[in-house]
Structure formats: C-alpha cells, structure tokens
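A short write-up of the structure that comes next.
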Protein chains: 2
Amino acid sequence: MAKRVSTKDKILNAAEALFAEHGFEQTSLRQITADAEVNLASVNYHFGSKKALIQAVMARYLEVLMPALDRELAELAQRSQVTTRAVFDCFREPLNELRQVRKHGPTIFLSLLGYAYADIQGHLRRYTMDHFGDVMQRLLATLHLANPQLSPVDMFWRLHFVLGATVFAQVSGPALREIAAADFGEAIAADQVIDRLIPFLAGGVDAPTE
Amino acid sequence: MAKRVSTKDKILNAAEALFAEHGFEQTSLRQITADAEVNLASVNYHFGSKKALIQAVMARYLEVLMPALDRELAELAQRSQVTTRAVFDCFREPLNELRQVRKHGPTIFLSLLGYAYADIQGHLRRYTMDHFGDVMQRLLATLHLANPQLSPVDMFWRLHFVLGATVFAQVSGPALREIAAADFGEAIAADQVIDRLIPFLAGGVDAPTE
DNA sequence: GTCTATAGTATGATAGAC
DNA sequence: GTCTATCATACTATAGAC
C-alpha cells in the first residue's frame, strides 16, 4: 500500500501546518509549495486563489466537527439536567474526531480558528460566521438550559469570552508550554491544555453577574 | 493654544490606530505615513525601523500602565482578605489612566496587546514578556493569596486563559458589539465589555480544578 | 527635518510550453 | 496536470538633494 498523496492534498497538508503556526497572511504560497514539494503554480490551478485555499483548509475540519457537535448538543438537550460543564464536555468528542482528518487535527484546527477569528479582513470572518452562526445559536440555547438565570446578552458575551480563552490558549499554546516547562519543570502535552481549560470556562460561565 | 503636534507624535498616533485595527504586520509604513500626513521616510528618520516604531507605540502605554498596576497590587497585598475579584479590579484604574495617553487608550492598548501576544515572530513577544514577566510574577503571587488551594502551575495556566479571553474580547470587540446590537437590539460601549468580563474571569479562576 | 527617487526584495497570479 | 518564466504590485529601507 504505497501512500499516493495527490498534489491537492499535499498542498492542503503543508498549508494547514504553516497557517496554524504563522497565521494566514503571514504564510506565502511560496512557503507552502516548497514544503509540499509541488510547483508554485499548482495552488492556483487546484484552488484558484490563496483565499480559496484558506477556505478549503478550514472546510476539511468544519465538515467533520459540525455534524459531530450537532449530534452531541442534541443528545444533551434531551436530558433532564443540563450543566455548563456538560455543555463544554460536548466539545471533547467532536474535537477528538478531527484526528480522522489529521494526526494533530484538534490542535491544528483550534489554532486555525484563532487566526481565522482574529482576521479582521472579513472574508474568513464571514465564512466562519456563516458556519459558526448556527452552532452559536444551538450553543446559546443549550447553555441557557444550564443557566436560565443569565440573560441572552450575558450569555452571548460569556460564550465569546470562552471562545477567546480557548483559541488564545491554543495559539499561544506552544510558547506557554515552553514557559511552563521552564518555570515549573513540568512538561504538559498540548491535549492536556484543554483539560485545564474546561473547568476554567465552566466556572466563568456559571459565575454570578456583577 | 494651537495644537502643534510633532511629526513623531503624528506617526505614533496614526500607527497605533492602524495597528489596533489591523495588526502589526498587516499595517504598512505607507498606510501609516499617509494617515499621519507625513513623509514615508520620516518613520525611518525618527524611529529607525518599523520594529522600533512598534515598540515605541507599546512603550507609550506600558510606561503608564505598569507603575499604576504595581501600585494597586502592592496596596491590595497588604489587606487581610484578598479575593480573585479584587485582583482583577486592580486593573480597572490603571487601564483607565491610559486615557491620559490617548482618548481611547484602554481600548487601543488591549487590542495592541492582543496582536502583540499572538505575534509569533518573537521580537514583540520577547519585548512584552520582558515587561510583563515582572507583572505576571506579581500577579501570580497576589492571586495565590486569593486562591491558596491552587497550585502554581494551575494558576499559571488560568492566568493565561484570563489574558486570552481579555485580549480576544478586545480584538473581536467591534465585530461582537455589532452582532450583539443586531441580535439583541442593544448597543454596548467598548468600556462596558470589561464590566461583563471581570465577573467571568473571577469565576473561572476561582473554579474548582478537574 | 523633510523631501524625491530608488534600490532591493517579496508577494499573488498567470501565460504558455510540454 | 505540471512546469518555467514573468508580470504587476507591494513592501521596508536608504541615499542624497534641499
């Protein structure tokens, strides 16, 4: 079983690694095609433009994550008791399934999400918002079950603080793990960051308002 | 009293506004000098390089914020009871003092901080870490007074989740406020975001570990 | 201090041979 | 589908006249 990887996939794989590390705008097509060991012109041939390549990279993950998250949230909503913690635990399995896409899929995706979200230019914001808008609504509804005392506006903001802490932790993750290892002599795997994160997020969402 | 603004300050003012909106790398010297209505070459004359300009922009805020934060934390540490909430409230007044630098100083600074922190290139990370390293240590110590049950490693991570939620909220702030206004028909000022943020952060830090 | 002019380099995209 | 070669454009930085 020889591993025949198409040029298109070679480009996607090289691109997502560079995007996750340096961001979208900071990564050039020349870097991507050099890493992928394909010709510079092949990006335009297969994807049409850099914008389209970025969207293709995101789509590969969104198409796996979204249905899985949908399933988990729907299942949770049918239970009698819904806690904030349970809502965030709904992300664990869908994120894990991103390993089907790539070995370090969960980590890569969250980094990409961070850069996509911070991207002010708009084309990616619109693209991700179109997809995430739906999930946000579902999430808001489920979190409301767990915290009926919070107003919709409060919940909206807290959900975005959650997203902020998450993607930021991921983007800064490598540097922070380095510092933590140096200061506390204890290395922590990328996967364990999310275990530290979830209790923090649940505590923040459940906190009393001002 | 005519407002005679030096070329150097014109550049700083135009640069920080563009940096806060688009990030450092995404902003060109041409945009900056055009907005500032000065010559392209004057940036290099006054600052030496784009890197040096970025640091000068950050320094203008850090030199106001740091001593003020230092003062607040030192004062708090002498009290008998220290709560997480009280630690975060220490940021309110120092952040507010950034209005001395510029009208929307607090908002601008937090956006800049977000881009600085997300910047993987290193030169700014090193620069801000050199300055923020001290404050992080002081913060960690004060937060330990409020949460003696948390290990130093736990606190380290939670503090960075806090920073993540904060800068992310600020960078995405304009877009989020727009969405919130559209969905909930209620506009919220940039300053009020931090009022929603602080209870969330305190709840997250105080949360029980796994 | 401020300007013009330009060097030197990098980018995304494409035309056209194979 | 893949390649070379190149276009058009942007960037930071600097030299040198005023």
Side-chain angles (χ1 to χ4, degrees), chain A residues 2-59 112 115-116 119-127, chain B residues 2-59 112 115-116 119-127:
Chain A
K3 43 175 190 171
R4 282 274 317 165
V5 182
S6 70
T7 296
K8 204 168 173 174
D9 283 339
K10 277 195 220 168
I11 293 170
L12 284 173
N13 294 342
E16 70 169 17
L18 288 166
F19 287 154
E21 195 175 357
H22 304 113
F24 299 109
E25 319 279 343
Q26 307 303 321
T27 302
S28 70
L29 295 183
R30 282 172 169 79
Q31 287 175 268
I32 293 168
T33 51
D35 274 27
E37 296 179 316
V38 301
N39 190 271
L40 170 61
S42 59
V43 170
N44 254 268
Y45 176 80
H46 285 287
F47 297 95
S49 69
K50 186 182 177 181
K51 271 190 187 180
L53 170 60
I54 292 171
Q55 294 198 353
V57 164
M58 293 302 291
L112 293 174
Y115 285 112
D119 182 357
I120 209 92
Q121 293 291 38
H123 90 271
L124 239 181
R125 179 183 292 277
R126 226 174 303 121
Y127 181 84
Chain B
K3 44 174 189 173
R4 281 273 319 164
V5 183
S6 69
T7 296
K8 202 167 174 173
D9 283 338
K10 278 195 219 166
I11 293 171
L12 283 173
N13 294 342
E16 69 169 19
L18 289 166
F19 287 155
E21 195 175 357
H22 303 114
F24 299 109
E25 319 279 344
Q26 308 302 321
T27 302
S28 70
L29 296 182
R30 279 174 169 78
Q31 287 174 269
I32 293 168
T33 52
D35 275 27
E37 295 178 316
V38 301
N39 190 272
L40 171 60
S42 58
V43 170
N44 254 268
Y45 176 80
H46 286 288
F47 298 95
S49 70
K50 187 181 176 182
K51 271 190 188 183
L53 170 62
I54 292 171
Q55 294 198 352
V57 165
M58 293 303 291
L112 293 174
Y115 285 113
D119 181 357
I120 210 90
Q121 293 291 38
H123 89 273
L124 239 181
R125 178 183 292 279
R126 227 174 301 121
Y127 181 84

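So that the names make sense, note that chain A is the first sequence line, chain B the second, and so on, each numbered from 1.
Listed by chain and number, the residues in a side chain to side chain contact (heavy atoms under 4.5 Å, CB included) with Ala15(B) are Phe19(B), Ile32(B), Leu53(B), Val57(B) (sequence neighbours excluded).
Across all strands, Thr27(B) comes closer than 4.0 Å only to sugar-phosphate atoms, never to a base (heavy-atom distances).
Heavy-atom minimum distance, Val5(B) versus Lys10(B): O-CE, 3.6 Å. In terms of heavy-atom proximity, Gln26(A) sits nearest to Glu25(B) at NE2-CB, 3.1 Å. Between Met58(B) and Phe24(B), the shortest heavy-atom distance links the atoms SD-CZ, 4.2 Å.
For the atom pair OH of Tyr115(B) and OG1 of Thr27(B), the computed distance is 8.5 Å after rounding to the nearest 0.5 Å. Taking OG of Ser6(B) as the start and CG of Asn13(B) as the end, the distance is 8.5 Å to the nearest 0.5 Å. With rounding to the nearest 0.5 angstrom, the NE2 atom of His46(B) is 5.0 Å from the OG1 atom of Thr7(B). A distance of 11.0 Å separates CG in Asp9(A) from CZ in Arg4(A), rounded to the nearest 0.5 Å.
Contact annotation: the side chain of Phe47(B) approaches that of Lys8(B) to within less than 4.5 Å [non-hydrogen atoms, C-beta and beyond].
Of the residues in residues 39-47 of chain A, those with a non-hydrogen atom less than 4.0 angstrom from any atom of DNA chain D are Asn39(A), Ala41(A), Tyr45(A), His46(A).
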Seminar exercise, completed: DNA chain D in dot-bracket form (Watson-Crick or G-U pairs under 3.5 Å, [ ] crossing, | inter-strand) is ||||||||||||||||||
Which pairs would a plain distance check flag for residues 33-40 of chain B, meaning a side-chain donor or acceptor within less than 3.5 Å of a matching protein atom at least two apart in sequence or in another chain?
residue	atom	partner	partner atom	Å
Thr33(B)	OG1	Leu29(B)	O	2.8
Thr33(B)	OG1	Arg30(B)	O	3.3
Asn39(B)	OD1	Ala41(B)	N	2.9

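Along DNA chain C, read 5' to 3', the first and last nucleotides having any atom under 4.0 Å from a heavy atom of chain B are dG1(C) to dT4(C).
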Could you write out each protein N or O paired with an N or O of nucleotides 8-10 of chain D at a distance under 3.5 Å?
none

